[in-house]
Amino acid sequence: MPTIRVTGLHVRHRKTVALDALDLDFGPGVHGLLGPNGAGKTSLIRVLATVAEPSGGRVEILGENTGEQRRRGTVRRQLGYLPQEFGYYPGFTVREFVAYVAWLKEMRTADAPAAVERAVGRVGLADRIDTKVRTLSGGMVRRVGIAQAIVNDPRVLLFDEPTAGLDPEQRVEFRELLRELGASATVIVSTHLVEDVAAACTEVTLVDAGRVAWRGTPGSLAALGESAGAAGSAGDNAIERGYTAALRAHRDSGRPQTLEGTAR
Amino acid sequence: MTVRPEESTGAMTVRPERGADAMTVRPEGAAGAVTGGLLLYARSRTLPLTVASLAATGALAVWAAHGLDAYLDPSRRVPVVALAPLLAAAAIGASLYSASEELDRTAVRPWWRRRLVQLLALTALAAVLLPPAVLGHVSSFGPPAMIRNTLGCTGLAAAAAALLGARLSWLPVFGYVSAVYMGAAGVHGGVVPVWAWLVQPAGEWDGWIVALVAFGAGGVLYVVRGARPEGPRG
């Protein structure tokens, strides 16, 4: 039973089409969203996070149609979202900022303080919890962003470029956290880093020009890369070669392509 | 509470614990955290600074009215009655800015109630703090004119916040008030035109209508749409 079901999704930004008749579903686990710049990854994440309105189609999250204003509140309580760039009031400490988001999510007030501490602890910032967010380094601010996304123990988690700005060690830790979260929640991670996908994701969706170019497991993308390596696809490792080969095949065919047995 | 010790011993063992629970946990946990959330909201909208700015504007208006000897000549009150609401509207407009706009959109509750309360409360505060500067004998540029101008300017700032973004919301109001102030300087005697409602004597109806329409329309625009996003997706 998928937790997210997207049918015929259309998103427009002024005159350009960001997403074009997209049909997708996601179940529990960690899903990598790969694709070139401008492919529509952020547009998809924002629509799923209920912060952007689609121009057409239907989005169902946890069985609720997010097109209905009244249903959105139910979904948002169980949703975590890390935008590519999130702002914060400069006077807030880490604790206050995460508590503010817990308040937005209407968390039970008795549970919120402990949940805030737990979330901050999970991203390794327990010793900085009473530090002003604005004094933290870029990587730490990113981790504060991850903490606010997980504060309400969401069943659906949407991360837009979560590893941008993290150093290699922090990225390894973040992937560990992703695997942990993916054990119970549906986690969608938009990224440019194929290493993240290879290490932490159970499934990969490749988006290009507003359409699904390829879906499968990281293993099958690597396998595609192995076979494409001989054909001269660019990339330093199997999964990168798989990425370029799948993109090229999609562009050549001009329509969505799925691999038998690996697509959902 | 005073009755409980006289109750049966069976109930004694349980009830005081429940009572203690309710006393220690609920007020600090539930009610305390609710006010905590609202306090964080108020701080994120720089409401303490806004209230201080409004108070300072009120004090400045008193000082200016005194300096201009406005109590001697009611027409000397015009700069105070036009400029103090401009400053108040600029402070209120700036407080409509949210630094975390993208995350705010994921709030479970619809925002319109909080926006409405914030706008009305700050406007009411300004309407209370500014008129004392022009108190005194009844005149054309007394407290009613100050309240009218506060409503009108705040409405313009709220509309500008919805259309341009909260951080720039002072600019159209500033431009408009400056234009009216300079333009109206040429109008001597005669009837002050509607576009110069800011410097109309308070007795004129059309000035009130324009100010109320500006406040109503600007307020509704802001409450329904919120301030225009100013982040990377603005």
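Worth saying up front: this structure is predicted, and the values here are computed from it rather than measured.
- Residues of residues 107-115 of chain B that come within less than 4.5 angstrom of chain A, heavy atom to heavy atom, are B:Ala107, B:Val108, B:Arg109, B:Trp111, B:Arg114 in numerical order.
- Proximity of B:Leu40 to A:Tyr89: side-chain heavy atoms (C-beta onward) are nowhere separated by under 4.5 Å.
- Expressed to the nearest 0.5 Å, how far OG of B:Ser44 lies from CH2 of A:Trp103 amounts to 7.5 Å.
- Contact annotation: the side chain of B:Ser100 approaches that of A:Tyr100 to within less than 4.5 Å [non-hydrogen atoms, C-beta and beyond].
- Within a 6.0 Å radius of CZ in A:Arg128, no more than 12 heavy atoms belonging to other residues, nucleotides or ligands are found.
- What you find for B:Leu103 and A:Leu104 is that their closest heavy atoms are O-CD1, 3.7 Å.
- Side-chain atoms of A:Glu85 and B:Glu102, non-hydrogen and from C-beta on, never get closer than 4.5 Å to each other.
- For A:Gln69, no part lies near chain B; criterion is any non-hydrogen pair under 4.5 Å.
- Highest contact tally toward chain B, considering only A:Pro83, A:Gly91, A:Ala102, A:Ala49, is held by A:Pro83 [criterion: heavy-atom pairs under 4.5 Å].
- With a 4.5 Å cut-off on non-hydrogen atoms, A:Arg72 does not touch chain B at all.
- Contact annotation: the side chain of B:Arg43 approaches that of A:Phe92 to within less than 4.5 Å [non-hydrogen atoms, C-beta and beyond].
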